2 protein chains.
Amino acid sequence: MTAEERRESVIRASMIEFAERGYNGTTTQSIADRVGVSQPYLFRLFPSKRALFEAAARRCMDDVREAFLSASEGLAGEEAREAMGIAYMDLINDRSRLMMQMQMYVSTAAAEAAGDSEVGRAVRAMWEELWDAVTERASMTPEQAKDFFSQGMLINALVAMGFPMESHLWQGFGFEGKGC
Amino acid sequence: MTAEERRESVIRASMIEFAERGYNGTTTQSIADRVGVSQPYLFRLFPSKRALFEAAARRCMDDVREAFLSASEGLAGEEAREAMGIAYMDLINDRSRLMMQMQMYVSTAAAEAAGDSEVGRAVRAMWEELWDAVTERASMTPEQAKDFFSQGMLINALVAMGFPMESHLWQGFGFEGKGC
DNA sequence: CTTGTTAGTAATTGGCCACTAACTTTGATG
DNA sequence: CATCAAAGTTAGTGGCCAATTACTAACAAG
């Protein structure tokens, strides 16, 4: 397997581990185990644990953005908005991508608290990119953008806390029987 | 200082530390330093680090719930809804409480991934309590409840990532010049 | 065959961190 | 003043974990 292919599978494994256990809760050993490779070898593919996290974060955001854009390909306005809403439901069933987003939020704050403003700038740039891509594609007003992303955030939180779809907290979404 | 008073200040300090750096990123030493007490003494006041986190989490949720309820005291319906919306803005200026909420979400997922379903059950119970208290006070429909908490979640995320109030991502909220 | 490169491992290290044990200080009360 | 408890400290310990070093195995090209 070439180094590039390995790096690819390391990023995938990192996302799964970091997503569930967070940056500090994840050991490089657990990532290596998941890839099926020795722990020190990770450090030949990536310079540090931090770099693993950043690669996983970037990949996560790229995936989400592409999911929205490809779901709304060729559409505009209200139609695009609807298509992207449905695309978000797929994300609900993808714990890793969803939880990785949450981890990015808290890690950003932690990094900034530790005096590292680099991470924060990178995360904000990625998020702004997502926000702008989505709002432009669907020609959203600021109000509509707020509603769209707001609902996404609540979904993230409810999923993170493990509320079952039957819980009454999910009622407002009207998901009943939509296969979530 | 009595043990009970100390416990109180330890909870406050724990909330500040855990909120910014997360469970695994926080050392008991840093909490002890903030309190102004030796690190081993924490373990006479609380059985474990986990217990510190749980106490901080519970306190955080109690505070938030009380903030909403006292802000809307004697009000109902639309008036209560508005009062609680304003109360949420105060929370924006209280990083610790806001970030502690985020930490609870990701920690719940991490605990559940580690096979501990106890934490998850406790967090869901606390959140349901908050949800029910708020929706009942303002007689919210499920749709209104979704909107209220959704916006709160987006606010949490934007604050966590450190987006300045001037960013266009905040536009939809109409916060301009509201002293946030 | 030998020279070099690329993919990988085994062994180790140095530092950190939750938690414990054993001891000291403070102050109220009979 | 003696005593007793409650508040607090100093000095470890054992385990974990990111990162380094030094090695091996496969293979391609001249």
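This is a predicted model, so every value here is computed, not measured. Computed from heavy atoms alone, side chains included, the values below leave out hydrogens, waters and symmetry copies. All chains are named by letter (A, B, ...) in the order of the sequence lines, taking the proteins before the strands, and each is independently numbered beginning at 1.
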**OP:** Give me the first and last nucleotide of DNA chain C, going 5' to 3', that has any atom under 4.0 Å from a heavy atom of chain A.
**Re:** C/dA7 to C/dA11
Just list the side-chain donor-acceptor pairs under 3.5 Å for residues 35-46 of chain B, sequence neighbours left out, or say none.
| unit_1 | atom_1 | unit_2 | atom_2 | d |
| --- | --- | --- | --- | --- |
| B/Q39 | NE2 | B/T28 | OG1 | 3.0 |

Could you tell me the separation between the [atom1] atom of [X] and the [atom2] atom of [N], rounded to a whole number of Å?
X     : N      : atom1 : atom2 : value
B/F43 : D/dA7  : CZ    : C1'   : 17 Å
A/Y41 : D/dT20 : OH    : P     : 16 Å
B/L42 : D/dA7  : CG    : P     : 15 Å

Residue list, salt bridge (charged side-chain N to carboxylate O under 4.0 Å, His left out) with [X], at least two apart or on another chain:
X      : result
A/K146 : A/E143
B/D62  : B/R65
B/D33  : none
B/D132 : none

Tabulate atom names and distances for all N/O pairs under 3.5 angstrom spanning the protein and nucleotides 12-17 of chain D.
none

Side-chain donor-acceptor contacts of residues 113-120 of chain A below 3.5 Å, not counting sequence neighbours, with atom names and distances?
| unit_1 | atom_1 | unit_2 | atom_2 | d |
| --- | --- | --- | --- | --- |
| A/D116 | OD1 | A/E118 | N | 2.8 |
| A/S117 | OG | A/R121 | NH2 | 3.2 |

**OP:** Measure from the side-chain heavy atoms of B/T2 and tell me the nearest of D/dA7, D/dT9, D/dA19.
**Re:** D/dA7
Subject >> Option among A/R34, A/Q29, A/R12 that satisfies the side-chain hydrogen bond (donor to acceptor under 3.5 Å, both in side chains) test with A/E17 >> reply: A/R34
**OP:** Sort and list the pairs that fulfil salt bridge (charged side-chain N to carboxylate O under 4.0 Å, His left out) and have at least one residue in residues 152-162 of chain A, not counting sequence neighbours.
**Re:** none
**OP:** Between A/S48 and B/L45, name the one whose nearest nucleotide on DNA chain D is closer to the 5' end.
**Re:** B/L45
Subject >> Neighbours of DNA chain C within residues 3-18 of chain B, by heavy-atom distance under 4.0 Å >> reply: none
Which side-chain N or O atoms in residues 78-85 of chain B pair as donor and acceptor under 3.5 Å with protein atoms at least two apart or in another chain?
| unit_1 | atom_1 | unit_2 | atom_2 | d |
| --- | --- | --- | --- | --- |
| B/E78 | OE1 | B/R81 | NH1 | 2.7 |
| B/R81 | NH2 | B/A138 | O | 3.4 |

**OP:** Answer yes if A/F163 and B/L130 sit in the same cluster of Ile, Leu, Val, Met, Phe, Trp and Tyr residues linked by side chain heavy atoms under 4.5 Å apart, and no otherwise.
**Re:** yes
Would you tabulate the side-chain donor-acceptor contacts of residues 50-61 of chain A under 3.5 Å, counting partners in other chains and residues two or more places apart, or write 'none'?
| unit_1 | atom_1 | unit_2 | atom_2 | d |
| --- | --- | --- | --- | --- |
| A/R59 | NH1 | A/E8 | OE2 | 2.6 |
| A/R59 | NH2 | A/E8 | OE1 | 3.3 |

